[in-house]
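In what follows, every heavy atom counts, from backbone to side chain, and hydrogens, waters and symmetry copies are set aside. The chains referred to below are lettered A, B, ... by the order of the sequence lines, with proteins before strands, and numbering in each begins at 1. Keep in mind that this is a model prediction, so the values were computed, not measured.
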Amino acid sequence: MNLVQNFPFLSIILTLSGGVVCSVLKGSNARKYCYFVLTSVLVGSLLTMAYVLSTGESYVYMMGHFPAPWGNEIRVGVLETIMASLFSGIMLLSLMGGMHHIFEDTEDTKSNLYFTLVSLLSASLLALVYTNDLFTGYVFVEINTIASCALVMIRYRSGKALVATVRYLFMSLLGSGLFLIGITILYDITGHLLMENIAQSVSVLFQTGTYAFPLSVVVVLFSMGLAIKSACFPFHTWLPGAHGNATVSSSSILSGLVLKGYIFLLIKIFYRVIGMNIIFHERATNVLFIFGVFAMIIGSIKAIQEKDLKRMLAYSSVAQIGYIFLGIGLGTEAGIAAACLHIIVHAITKPMLFTACGGFMDVSGGSKKFSDIQGAGLRDKLSGIAFIVGAMSMIGIPFFAGFISKVYLTTAAIEYSSIKTVVALAALAISTLLNACYYIPAMLVLFTHPKTEKVHTHPRSKEMSLSLYIFIGLNFLMGCFSQPIVNAVIQGIAMFR
Amino acid sequence: MNLFVMLLCLFLILCAISVALTKDILTSIIIYMSFSLIMCVIWILLESPDLAITEAAVGAGITTLLFFATFKKIHLIDEEEERASHED
Amino acid sequence: MKIREDYEQVGWRKLIHWVNADLQEDYISKDHVIHDQLHLKENAAQEKNKRIDELKSSLQALAKTHGKQWYEKSYRIFSIFVAVAMIIVLLGVVSQLPSFGDPSNPANNEVSERYIESGLQETGAVNIVAGMILDYRAFDTLGESHVLFIAAVSVLILLRMDYGSDGKLRKTKGIRDEGYDRMYEPRNDLILQTVTRLLFPMIVLFGIYVILNGHISAGGGFSGGAIVGAALILYNNAFGFNKTKRFFTYNTFKWVSFASLITYALLKTYSFYTGANHLHSGIPLGEPGAILSSGLILPLNICVGCVVACTMYTFFTMFRKGGM
Amino acid sequence: MIQLFINYYETVAVIIFSIGFTTMLLNRNLIKKIIGFNFMDCAIYLFLACKGYVEGRKAPIIIDGVQSMEAYINPVPSGLVLTGIVVSVSVTAFLLALTIRLYYRYHTLDIEEIIVLSKKEED
């Protein structure tokens, strides 16, 4: 049991206790401590990824003195460590990107509590990625829900943020209620809470055909519950309000990472607990496929009508979530690999767009309406470049990150020879066109005839420039040299069983 | 013994329906308090005393207390608005 | 007239008055000042109701013009449809689930068998549920106390009156200043204070008993902490904030919950680390039934009890006054 | 159909879950929605806890050394529900704090009016 294998467990404990420590420190010390925690978690998960890639198979870490079905257990594989390092890295960058906004929006006696929320949120994301037990998943889904609603509510001076938080919290609680009922029924018919044991008894139940109806209701409850929480198409009404009115770093964390944590849990449940053949038989993937297609189309149409930059980006998140659900809806291993790739791509691109939007708000007097940020791209060059790179990658131009995941989505769709391929390809084409229809006008507004009179500009902090440079670098790295990452994801999926 | 359990369950359902239908908030809070107390009795019937104590102390005790505190706070806010509007 | 007098004394009427925050000092006294105040209040109330009705009607009109009319109807019908569909589907599931209370259910498998058969030997806890929560599946309960902590943090962010760095209360929109503190000092009601002087030590003693005996009889950190929290709330209600400030301020909450959560995390890290790397953790389990038995479960229960007590009291004070 | 009367606890739990779900979805008053959420959560925990009950067995506290499985019920569901009850208290406290904050600003508990008012005001 060499030392590197302890890093996932230590990173969860570090972030959990980091939240507690931050609540006691002053605002600026809490900021330094939060940076320290997130960088050590990033380094730890990168080292674990190197270790797991070298050994080539995932290992199981026993939490406590008792083996799996009795005690808790986390399972560490290639895909999990990729997601863990992605989540902690992007959280670090989005914090750096919106730092001065945090101190402006919160009272100075309460800004350290913001870092408590961020580190507890990263703890719950890590636990969701690593956990091998359904009820531990539920407990950390609850921490995730309260922390993300608190992140939106941190700007409680603006009434819109409060209303968005209430609607977000009620919808999220409906989702976790359905999720818990699913766990209860599954525990009742299989007697286990651990993912491997449930998988065995579910496959036995499926062969013998006993409890067939409860099993299909469990699949429906899991997909509905987690679809509500990750803002899949028919349940996305809370998302534009929540992401549109939060502070800069909150909205990038929420749209880049929190939605992905639930989707990763859904992939784990579909792939490892219930097994893809049963899911295929239950036709749950078709339902998610249709939701994905509708999300891609209607999300983009709504984004075109928006007059407010942040709400437009929020609606484009709804469309990108639709891509991920399209990938899951295909049901094949290639489909899930494409979905994971798109999770990585969207996690890299969307926080960059939100941070750039924060930069535009600084130079145009804090308003995010299109009429006010006219020509803001010229006033703040770096945010402008970051916005261009992000928009290009969202549209899917080659040499940018978005292109890679779109290519793999299409190859996964083509592999699948039925009506689904035609619908998937049509949806991909239409939504790429619609993406262009709202990103290009936004860029036109940002880069033409800037306002003449001097608007109160906020000097861009070094942290924000550094985070934007790293974001742009990541985007190009993912766009041009994506082969190692793609192989790692495919190897992770193979090892996932 | 079975009749007693049937009565408790019937009371639970009646509580749930009456909260859905009443207009006044104060009565619905009090109905929720009685719902929690009946839940404690049901936890004992289900042979799990841990849950009974926790539900009694945390569910019936603290939650209902918070509901009353919110209800009173809302009336306090109205009082201040009047006092403030009278003064300025 | 006599019936009205008795009606005034009845506890129920007092409860309604307490909840409606009627601030008359002494309800029983008959002097005119009270009656004038009552009249003043009545027509002020009517005035206010008129204003609210106007606001409501304008809102209705506004809502109507937005074509909300059909939206509300369809929303209502849709929700009833969802509820009925859910009842039918879930009743269908319940009718096919294994029957209630039957020993051969899939849930009574080797997992619960080991908890019962060797629970006492492995964790030393007589109460198997406490042993299971704080030793077998300890990672859930670690997450659990952090759920409570994060809820306390969010309530603090929302409701705590924002004191500027210079300690003076900063005037934020809609929040009144310290001047109305008299509003929070409860009327020192003689009955409540004498009862509290009797009950407070009993309840705290019972709460501590429930925490300490978590691994022997039913109870444990969560319920014991809630009982102690309820005792603190009772004390605050009876004697007011000046008295409770002597021994419980915001700093005590901050440092007590920090200390207990960090010791909880450290103890659990130790036991997880030694467990995962198959090292022998030299924590004696003691002989069952004694208070100082079952290894780590007693200190963990005490930590959880402190966190829950402080959080419950902070919830109440934040709702009551937005400060300690 | 008979099975419904055998698992009567689960039937009651499902009915209360749906009523709570509707109150939470249908009602416009914030405090009513929170009470509906509490009903929903209590029903789910009743549904979970009655999975562990076994006829004629006692609570899992070992009395005078008897450690056979036939004497005690399954401890796992009551452990899970203990965690759940504290989760629903924390979420209720957070929701009530939000209601107070909204009442400071909009002086109404009706979520539809609040949405209409918040759309009107420019932040």
> In terms of side-chain heavy atoms, does C/Y273 have a donor or acceptor partner in C/K268 at a distance below 3.5 Å?
Replying inline: no
> A/T48 versus A/V76: any side-chain heavy-atom pair under 4.5 Å?
Replying inline: yes
>> So A/F135 and A/V139, do their side chains get closer than 4.5 Å, heavy atoms only?
In response: yes
>> Does anything in residues 254-265 of chain C form a side chain to side chain donor-acceptor pair (under 3.5 Å)? List the pairs, not counting sequence neighbours.
In response: none
> How would you list, in number order, the residues of residues 14-26 of chain A that have a heavy atom less than 4.5 Å from chain C?
Replying inline: A/L16, A/S17, A/G19, A/V20, A/V21, A/S23, A/V24
>> Donor-acceptor pair, distance only, cut-off 3.5 Å: does the side chain of A/R75 make one with the backbone of A/T131?
In response: no
> Which region of A/L193, side chain (C-beta onward) or backbone (N, CA, C, O), has a non-hydrogen atom less than 4.5 Å from a non-hydrogen atom of chain C, or is it both or neither?
Replying inline: side chain
> Given side chains that start at C-beta, do those of A/F7 and A/V41 come closer than 4.5 Å, heavy atoms only?
Replying inline: no
> Does any donor atom in the side chain of A/D105 or A/Y114 lie under 3.5 Å from an acceptor atom in the other side chain?
Replying inline: no
> Of the backbone (N, CA, C, O) and the side chain (C-beta and beyond), which part of A/L178 lies under 4.5 Å from a heavy atom of chain C, both, or neither?
Replying inline: side chain
> If we only count heavy atoms from C-beta on, is the A/I189 to A/L215 side-chain gap below 4.5 Å?
Replying inline: yes
>> Looking only at heavy atoms and a cut-off of under 4.5 Å, which of A/P214, A/S216, A/P69 has the most pairs with chain C?
In response: A/P214
> Side chain, backbone, both or neither: which part of C/T274 has a heavy atom under 4.5 Å from chain A?
Replying inline: both
>> Heavy-atom cut-off 4.5 Å, strictly under: side chain, backbone, both or neither for A/M153 against chain C?
In response: side chain
>> Can you tell me which of A/W70, A/F66, A/F213 forms the most heavy-atom pairs within a distance under 4.5 Å of chain C?
In response: A/W70
> Relative to chain C, which segment of A/D188 carries a heavy atom at a distance below 4.5 Å: side chain, backbone, both, or neither?
Replying inline: both
> Which residues, numbered in order, of residues 101-109 of chain C come under 4.5 angstrom of chain A by heavy-atom distance?
Replying inline: C/P106, C/A107, C/N109
> Is there any residue in residues 161-168 of chain A with a non-hydrogen atom under 4.5 Å from a non-hydrogen atom of chain C, and which ones are they?
Replying inline: A/L162
> At a heavy-atom separation under 4.5 Å, does C/M86 approach chain A through its side chain, its backbone, both, or neither?
Replying inline: side chain
> Of the listed residues (A/I12, A/L194, A/V220, A/D133), which shares the most heavy-atom pairs with chain C below a 4.5 Å separation?
Replying inline: A/D133
> Can a salt bridge be assigned to the pair C/R137 and C/E144 using a cut-off of 4.0 Å between side-chain N and carboxylate O?
Replying inline: no
> Is a side-chain donor or acceptor of A/T208 paired with a backbone partner of A/V204 at a separation under 3.5 angstrom?
Replying inline: yes
>> Given heavy-atom pairs under 4.5 angstrom as the criterion, report whether the side chain, backbone, both or neither of C/F139 touches chain A.
In response: both
> Where does C/L279 contact chain A at under 4.5 Å (heavy atoms): side chain, backbone, both or neither?
Replying inline: backbone
> Relative to chain C, which segment of A/T116 carries a heavy atom at a distance below 4.5 Å: side chain, backbone, both, or neither?
Replying inline: side chain
>> Is it the case that the side chain of A/S250 and the backbone of A/A246 share a donor-acceptor pair, with hydrogens and angles ignored and the cut-off at 3.5 Å?
In response: no
>> For A/Q5, is there any backbone N or O sitting under 3.5 Å from a side-chain donor or acceptor partner on A/Y59?
In response: yes
>> Which atoms of A/I13 are under 4.5 Å from chain C, going by heavy atoms: the side chain, the backbone, both sets, or neither?
In response: side chain
> Using the ring of each side chain (for Trp, its six-membered ring), is C/F315 parallel, tilted or perpendicular to C/F319, with breaks at 30° and 60°?
Replying inline: perpendicular
> Checking ring-ring contact (aromatic ring centres under 6.0 Å, His included) against C/Y313, which of C/Y250, C/F248, C/F253 comes through?
Replying inline: C/F248
> Can A/R157 and A/E107 be said to form a salt bridge (Lys or Arg N to Asp or Glu O under 4.0 Å), step by step?
Replying inline: CA-CA 10 Å; A/R157 284 205 214 103; A/E107 316 291 334; 3.0 Å; yes
>> Can you tell me which portion of A/V217 sits under 4.5 Å from chain C's heavy atoms? Options are side chain, backbone, both or neither.
In response: side chain
> Quick one: of A/M63, A/M62, A/E73, who has the most non-hydrogen atom pairs under 4.5 Å with chain C?
Replying inline: A/M63
